[in-house]
Amino acid sequence: MFTGLVQSIGKVTLHEGSSQGVRLGVQTPFTDLALGESVAVDGACLTVAAFAGGAFQADVSSETLDRTVAGSYRLGSSVHLERALRVGDRMGGHFVTGHIDGLLTVEAVETRGDCLWLQFGNVGHRERSFFSKKGSVCINGVSLTVNETGPSHFSVMLVPHTQEHTTLAQLSAGSTVNVEWDSMAKMVVEALEQRFAESLKNAHH
């Protein structure tokens with residue numbers, strides 16, 4: 001479990017094919033990572049398989065490569081890093097599982113005062129139920145508040161602190177990002193869908 005508050009920005013030092021998909025290496029300022037520990041890389045929960053020389057390695061499955069931006073990493077790519085939430089830690093963002101739901105495309109970027117406005121599109125009909133105005137969404141591992149909503153899009157506003165401490169300010173129209181919808185919203189929607197399906201089934205008997 002994570003919070004969506006980026007703790008560090010790492011650099012990709014290894015990206016090579018393996019029998020499982022890709023072996024990813026990331027340079028990090030973390031000095032005490034343990035084997036088997038979970039680290040969110042751009043919001044995707046990965047398991048530390050090796051750690052030495054200020055860098056950790058993790059195996060990225062073919063499914064994760066297909067569903068996240070990890071497939072586009074190159075040597076030197078910057079990635080958001082967050083270690084797993086510990087009991088007793090402050091909960092400054094929102095509950096993030098590290099299980100990426102899919103990819104979104106940046107439709108537009110605008111400077112509004114000292115903030116940066118980003119609009120994300122290609123949201124599916126079902127996924128539209130997972131977010132609402134002033135709700136939470138996790139983009140590339142960053143917990144953000146939904147600013148505006150539409151039939152198949154939504155926007156967020158990046159305050160100066162977020163611009164300075166993440167790579168989101170480097171996004172432009174056409175960029176692809178990881179998205180994890182709010183887990184609470186997903187549970188509610190899925191429970192309602194199940195109840196509705198059961199009601200329809202009973203109505204036909």
Side-chain angles (χ1 to χ4, degrees), residues 1-7 9-10 12 21-22 24 26 38-46 58 60-73 77-82 84-85 91-110 115-159 162-163 165-190 193:
M1 189 68 73
F2 305 90
T3 67
L5 299 181
V6 173
Q7 296 171 325
I9 295 179
V12 174
V22 160
L24 183 70
V26 181
S38 296
V39 177
V41 179
D42 278 341
C45 180
L46 300 180
V60 184
S61 69
S62 56
E63 179 184 4
T64 300
L65 292 172
D66 291 339
R67 294 178 61 88
T68 74
V69 297
S72 64
Y73 290 156
S77 292
S78 296
V79 293
H80 296 146
L81 301 178
E82 182 189 353
L85 181 67
M91 188 65 200
H94 71 282
F95 284 118
V96 175
T97 66
H99 300 153
I100 302 301
D101 290 307
L103 298 169
L104 290 179
T105 302
V106 179
E107 286 188 333
V109 179
E110 294 178 8
C115 294
L116 197 63
W117 175 86
L118 281 77
Q119 180 168 295
F120 299 94
N122 72 297
V123 179
H125 177 72
R126 183 170 185 269
E127 287 71 24
R128 177 61 186 83
S129 302
F130 297 150
F131 64 86
S132 59
K133 189 173 183 179
K134 302 306 178 185
S136 297
V137 66
C138 191
I139 299 294
N140 280 358
V142 183
S143 174
L144 298 170
T145 299
V146 175
N147 187 47
E148 301 163 338
T149 64
S152 61
H153 67 269
F154 67 93
S155 65
V156 299
M157 198 77 77
L158 305 183
V159 297
T162 303
Q163 296 178 53
H165 292 87
T166 74
T167 64
L168 297 184
Q170 300 172 20
L171 297 174
S172 58
S175 295
T176 302
V177 298
N178 290 334
V179 62
E180 181 185 331
W181 306 114
D182 181 64
S183 58
M184 298 292 286
K186 287 191 291 185
M187 285 190 289
V188 170
V189 170
E190 288 167 2
E193 287 176 340

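Geometrically, Arg128 does not engage Phe130 in a cation-pi contact, judged by NZ or CZ lying under 6.0 Å from the ring centre and within 45° of the ring axis.
Remark: side-chain polar atoms of Asn178 are not paired, donor with acceptor, to backbone N or O of Ile100 under 3.5 angstrom. Between the side chain of Ser155 and the backbone N or O of Glu148, at least one donor-acceptor pair lies under 3.5 Å. Remark: side-chain polar atoms of Thr167 are not paired, donor with acceptor, to backbone N or O of Gln170 under 3.5 angstrom. Side-chain atoms of Glu180 do not come within 3.5 Å of backbone N or O of Val96 as any donor-acceptor pair. Between the side chain of His80 and the main chain of Val6, no donor-acceptor pair closer than 3.5 Å is present. With hydrogens and angles ignored, the 3.5 Å screen pairs no side-chain donor or acceptor of Gln119 with any backbone N or O of His153.
When all heavy atoms are compared, the tightest approach of Thr145 to Lys134 is CG2-CA, 3.7 Å. Summarising the geometry of Ala58 relative to Leu46, their closest heavy-atom pair is CB-CB, 3.9 Å, with the distance given to 0.1 Å. Taking each heavy atom of Leu118 and Leu168 in turn, the nearest pair found is CD2-O, 4.2 Å. When all heavy atoms of Ala70 and Val60 are compared, the closest pair comes out as CB-CG1, 4.3 Å. Scanning all heavy atoms of the two residues, the minimum distance from Phe131 to Glu127 falls at CD2-O, 3.7 Å. Of all heavy-atom pairs between Phe95 and Ser183, the closest is O-OG, 3.9 Å.
Atom-to-atom distance recorded for Met1:CE and Thr97:OG1 is 6.5 Å, nearest 0.5 angstrom. A distance of 8.0 Å separates OG1 in Thr166 from CG in Leu144, rounded to the nearest 0.5 Å. Atom-to-atom distance recorded for Leu158:CG and His165:NE2 is 13.5 Å, nearest 0.5 angstrom.
Partners of Tyr73 according to the ring pair (Phe, Tyr, Trp, His ring centres under 6.0 Å) rule, which considers only residues two or more places apart in sequence or in another chain, do not exist here. Applying the side-chain contact (heavy atoms from CB on, under 4.5 Å) criterion to Ala173, with sequence neighbours excluded, gives no partner residue. Take Asp182 and apply the side-chain contact (heavy atoms from CB on, under 4.5 Å) test, not counting sequence neighbours, and it matches His94, Ser136, Met184, Ala185.
Contact of the Val41 side chain with the Leu81 side chain is registered, since non-hydrogen atoms from C-beta on lie closer than 4.5 Å.
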Between Val156 and Ile139, does a side-chain contact (heavy atoms from CB on, under 4.5 Å) hold up when you go through it step by step? CA-CA 10 Å; Val156 299; Ile139 299 294; 5.5 Å; no

